[in-house]
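Data block below; observations after.
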Amino acid sequence: MIKVTLPDGSVREFEQGATAMDVARNISEGLARNVLSAKVNGEVRDANRPLPGDCTLALLTWNDPDGKATMWHSSAHLMAEAIEALYPGTKFGIGPPIENGFYYDIDLGDKTIGDGDFAAIEAKMKELASKKLVFERKEVSKADAIAYFTEKGDEYKLELLEGLNDGEITFYTQGNFTDLCRGPHIPDTSFIKATKVMSVAGAYWRGDEKRKQLTRLYAITFSKQKELDEYLVLLEEAKKRDHRKLGKELDLFTFSERVGAGLPLWLPKGAALRERLINFMKTAQEKAGYVQVATPHIGSKALYETSGHWEKYGKDSFQPISTPQEGELFMLKPMNCPHHCEIFASRPRSYKDLPLRLAEFGTVYRYEQSGELHGLARVRGFTQDDAHLFCRPDQVKEEFMKVIDLVLLVLRALNFENFEVQVSLRDKEDRSKYIGSEENWEKAEQAIIEAAAASGLKTVVEYGEAAFYGPKLDFMIKDALGRRWQLGTIQVDYNLPERFELEYGQRQWPPPSGDDPPRALRSLERFIAVIIEHTAGRFPLWLTPEQAIILPISDKFVEAAKTVGAQLEQLGIRTTIDERNEKIGRKIRDAELAKSAFMLILGEKEQADGTVSVGSRARAISGPCRPPRSPPWSRSASPDNWARQPA
RNA sequence: GCCUUUGUAGCUCAGGGGUAGAGCACUUCCUUGGUAAGGAAGAGGUCCCGGGUUCAAUUCCCGGCAAAGGCUCCA
C-alpha cells in the first residue's frame, strides 16, 4: 500500500501501482473526468502513470496553469499528427505550450502554409481528437531514438537528441504520431473539443537568425466550444484597446509613408498630452534634485568613437551625416549619454559636487529593423526621459533607491500596478565579456539588489542579462495583447566614465564608479502607448485632452454655452463646445466615443438657473451644478485638486 | 532583415479582366430637440508605387514601399 497526501493535507491509501487517475476516481467520477495531469511530489506527470510510492499529489485540471499547459502540449502533438497527415514528409522542430495556447515549428520543405489552410488543419485535429487517442509513454534508449528519427529523416529531432543523455529519453505516441517528448500528456485526445489555428509565422530554428527559418503555427484548444468563442471575444476586446487604433480615433498621432516608417507625427491633442506628461515628470525630477540640460540631435564622429558607440553600433545605425568639409562626419544621436558625459567634463568637479544629476528629454534616433517597428511601442525616432547620475561608489545604493522612487512615483500617478521588475546581473560562469573591476561589479550588483528590496519591489533575477558595461534593473509592462515591453531601465555604467576619463577631486573615475542612466522611462512614445492601452483612452483628468465638453440642447443655447466655456477656460479647464445641429442624444454618444471626461448639458432649465447638468464618461449623472467660480462637477474639489498634474 | 497576411473614399470595409461600391464621417437643406446614432439631398477615388501579360489591369504576374501577426517561450 502507498500513502498519498492530498493538497488539503488528508492522506489516503492505495494499492501499489495506483495512478493519479485512480485517486481522482476514488474522490469523485466528476473530478476524474476533468483531470488533465497530476503534480506528484512537485513534478508534473501523466495522470495515468503509476505513482512512485508514498507521495504528495495534486490533481491538475483546466483551472491549474500546469493543467492547461499539459492540455496545450498534448494539443501540439495532435496538431503535429494532423499536419503529418495533411502534409506528409513534414519535419518537426519543437512544439511547446505557451501562455495562450501552443505552437509547433515545422519544416514543410518547399511547401508553404497560409491562413487559408487553417480550417483544414483544425478540422483534421478535431477528427483525430474525436477518436479518443491515448497518449502512450515509452522509455527508449538513445540508440533506438536516433534510429527512429534517422529513418524518419527528421534532422531537428536528431539535433535535439544530441543534447540528451541515454536513459532520460522518452517517446509519446498517440494514433499514428510518435514524438520525442518529456511529457507529460493528458490521458487521451477526447479532452480537445475546440481547436483554432491562430497564425503562422517564420521562426528561426533555435531562435538563431543564421539558421534555417521554420514555419511556426500558433494555435489554441479548449475542451468546450463555448470557451473558444469566449476567448475569441476577449481577443477582440483587447484589440479595441490597441494604442494604434485609439491613437487614430482620438487624434493623438499618425504616421506618414512620406515621412518614413517608425517616425511618429504628433497631432495637436497628442502633442499637448505629451507636453503635460513631460511637465509632470520634469517637476518630479526637479524635486528629486535633477537639473535639466539640453543637447543637440547630432554629434561628431569623435564623440561616438570615444563613447564606443561608433564601433559597436555605427554600422547598424543610421548612416553618418557628412558635410561639405572633407572627412567631417556627424552621427544622429542614438543616446544622450555621451553628450552628458561631456557636460560633466566641461569643468573640474569636486567630490562635493556629487551626485550630479543631469536630466534631459532628449530625442534619439535608432535604426530599428523594419519588421521590429510597432506603432509607438517601437519606433526609429523617440524621446527619452533620460538622466545620468554621476556619483561616488558609496552613493550608488542611495541614488538607485531614489531613481526607483521616481519611477514608482510616475507609474503610480498613472495607476500602473502590474509591472515586472527584472534585475539583470552578470553571467555566473563567463565573466570575460564584462568590463570593469570585479570589486565594482560586486558592489553595484549588491547595491541594486538591496535597493530593489528596500523599495519593496518584487523582482526576478536574471543572470547573464546585464549589459557588458554594468548591471541593470528593468521595468517590464504588458500591452493590451499581453506582449511584454521594457518601459524603464536603471543601469550602472563603468564604461562611459572610463572612456571619457571623467574625474572628480584628484581621483580618476574608473575605480570609483560612474553610475549611469536612470531612465525613468526609456521612451516617452512607448510609455504613452502603454498609457493609452492601460486606460483604454480614458486618461486621468490631468492628462486627458478634453476635460469637459459643453452640449447645448439646441441652437438657442449655444451663446450660453460659450459663456460657460469661457468661464471654464478661465479656470484652466480644457473645454470644447458641441455646436452641431444635432439632438442631445447624439451629442452625448459622440462625446462618449471621444472619451471626453465630463459632459456639461445646457438647456432651458440650466440657462434659467445658471447651472449645467453634468454627466461623466462613467455615465454618472451628477445633476445640476453651478458653473461659475468652481468646477461645476465637483463641488468639493477645487480645480487645483483635479486638473493639475499630480505632485 | 526573414516568414505569413494585407493595401479600394477622411474612417471601417465589400467587390472584381471592360461606367468604382456600402456604412459612418463631411457639405447643404428640413427638423429645435432633455441623457449613447432625427430625416433628405449632395460632394468625395491615380483602387499604395513601378514594371510585365492582355485589345483592355484597380483586378492576373513580378519588383518596390507601407501596415499587421510572428521570428523571446527549447523535447
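Below, chains carry the letters A, B, ... as their sequence lines are ordered, and counting in each starts from 1.
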Worksheet entry | Same-atom distance (P) from B:C65 to B:G10, integer angstrom | 25 Å

Discussion item. Rounding to an integer number of Å, can you tell me how far A:D590 CG sits from B:C11 C1'?
Written reply: 14 Å

Worksheet item: Taking the six-membered ring for Trp, are A:F419 and A:F475 parallel (under 30°), tilted (30 to 60°) or perpendicular (over 60°)?
Response: tilted

Worksheet item: Checking only heavy atoms, does the side chain of A:D105 share a donor-acceptor pair with the base of B:G70 at less than 3.5 Å?
Response: no

Practice prompt. Tell me whether the OP1 or OP2 atom of B:G69 has a side-chain N or O from A:H374 closer than 4.0 Å.
Written response: yes

Worksheet item: NA contact type, A:K583, heavy-atom cut-off 4.0 Å: base, sugar-phosphate, or nothing?
Response: base

Item to complete: May I ask you to decide whether A:R244 forms a salt bridge with A:E525, counting only side-chain N to carboxylate O separations under 4.0 Å?
Response: no

Item to complete: Decide, yes or no, whether a salt bridge links A:R206 with A:D208 under the criterion of side-chain N to carboxylate O below 4.0 Å.
Response: no

Item to complete: For A:S199, answer base if it contacts any base atom (sugar-phosphate contacts may also be present), sugar-phosphate if it contacts only those atoms, and nothing otherwise; contact means non-hydrogen atoms under 4.0 Å.
Response: sugar-phosphate

Worksheet item: Considering only the C1' atoms, how many Å lie between B:U59 and B:C2, rounded to the nearest integer?
Response: 29 Å

Discussion item. With a 4.5 Å cut-off on side-chain heavy atoms, are A:P187 and A:F135 touching?
Written reply: no

Discussion item. By the 4.0 Å heavy-atom rule, please label A:G371 as base, sugar-phosphate, or nothing.
Written reply: base

Fill in: Quiz item: A:D555 side-chain donor-acceptor pair to B:U32 base, under 3.5 Å
yes

Worksheet entry | Distance, P atom - from B:U8 to B:U46, rounded to whole angstrom | 12 Å

Fill in: Sugar-phosphate, base or nothing in reach of A:T112, heavy atoms under 4.0 Å
sugar-phosphate

Worksheet entry | Closest to side chain of A:I601, choosing from B:A75, B:A36, B:G34 | B:G34

Worksheet item: Is the base of B:U35 touched by the side chain of A:S613 through a donor-acceptor pair closer than 3.5 angstrom?
Response: yes

Worksheet item: On a whole-Å scale, what distance lies between the C1' atoms belonging to B:A37 and B:A25?
Response: 13 Å

Discussion item. So, OP1 or OP2 of B:G38: does either fall under 4.0 Å of a side-chain N or O from A:R586?
Written reply: yes

Worksheet item: A:Y104 has an atom OH; how far is it from atom P of B:C74, in whole Å?
Response: 14 Å

Item to complete: Using the P atom as the reference point in each nucleotide, state the distance between B:G70 and B:U28 in Å, no decimals.
Response: 44 Å

Discussion item. Using a heavy-atom cut-off of 4.0 Å across all strands, would you classify A:K587 as base, sugar-phosphate, or nothing?
Written reply: nothing

Fill in: Heavy-atom donor-acceptor pair, A:Y367 side-chain to B:G1 base, under 3.5 Å
no

Item to complete: Using a heavy-atom cut-off of under 4.0 Å over every strand shown, decide if A:E249 touches base, sugar-phosphate, or nothing.
Response: nothing

Worksheet item: Reckon A:E162 touches a base, only the sugar-phosphate, or nothing at all at heavy-atom distances under 4.0 Å?
Response: nothing

Worksheet item: Aromatic ring centroids of A:W62 and A:F222 under 6.0 Å?
Response: yes

Practice prompt. Quick one: classify the glycosidic conformation of B:U35 as syn or anti, with syn meaning within 90° of 0.
Written response: anti

Practice prompt. Flag the pair A:E237 and A:K240 as a salt bridge only when some basic side-chain nitrogen lies within less than 4.0 angstrom of an acidic carboxylate oxygen.
Written response: yes

Worksheet entry | Rounded C1' spacing from B:U12 to B:U6 in Å | 15 Å

Worksheet, complete the sentence: Picking from B:C73, B:G69, B:G34, the nucleotide nearest the side-chain atoms of A:A201 would be B:G69

Practice prompt. Measure the acute angle between the ring planes of A:W205 and A:Y156, then classify it against the limits of 30° and 60° as parallel, tilted or perpendicular.
Written response: perpendicular

Worksheet item: NA contact type, A:R206, heavy-atom cut-off 4.0 Å: base, sugar-phosphate, or nothing?
Response: base

Discussion item. On the nucleotide B:A68, are OP1 or OP2 found under 4.0 Å from the side-chain N or O atoms that A:R244 carries?
Written reply: yes

Practice prompt. Could you give the distance separating B:A9 and B:C26 at their C1' atoms, to the nearest angstrom?
Written response: 11 Å

Discussion item. Mind checking if A:G375 touches a base, just sugar-phosphate, or nothing, with heavy atoms under 4.0 Å?
Written reply: sugar-phosphate

Worksheet item: Taking only side-chain nitrogens and oxygens of A:R589, does any of them come within less than 4.0 Å of OP1 or OP2 of B:A37?
Response: no

Discussion item. What is the separation between atom CD on A:Q607 and atom P on B:G34, rounded to the nearest whole Å?
Written reply: 16 Å

Practice prompt. Select base, sugar-phosphate, or nothing to describe what A:L161 touches, counting heavy atoms under 4.0 Å on all strands.
Written response: nothing

Worksheet item: A:L263 has an atom CG; how far is it from atom P of B:C65, in whole Å?
Response: 15 Å

Practice prompt. Answer with yes or no whether A:Q213 presents, from its side chain, a donor or acceptor under 3.5 Å of a partner atom in the base of B:G1.
Written response: no

Discussion item. Using a heavy-atom cut-off of 4.0 Å across all strands, would you classify A:L214 as base, sugar-phosphate, or nothing?
Written reply: nothing

Worksheet item: When you compare B:U5 with B:G63, how far apart are their P atoms, in angstrom units rounded to a whole number?
Response: 13 Å

Worksheet item: If you measure from the Lys or Arg side-chain nitrogens to the Asp or Glu carboxylate oxygens, is any gap between A:D154 and A:K91 under 4.0 Å?
Response: no

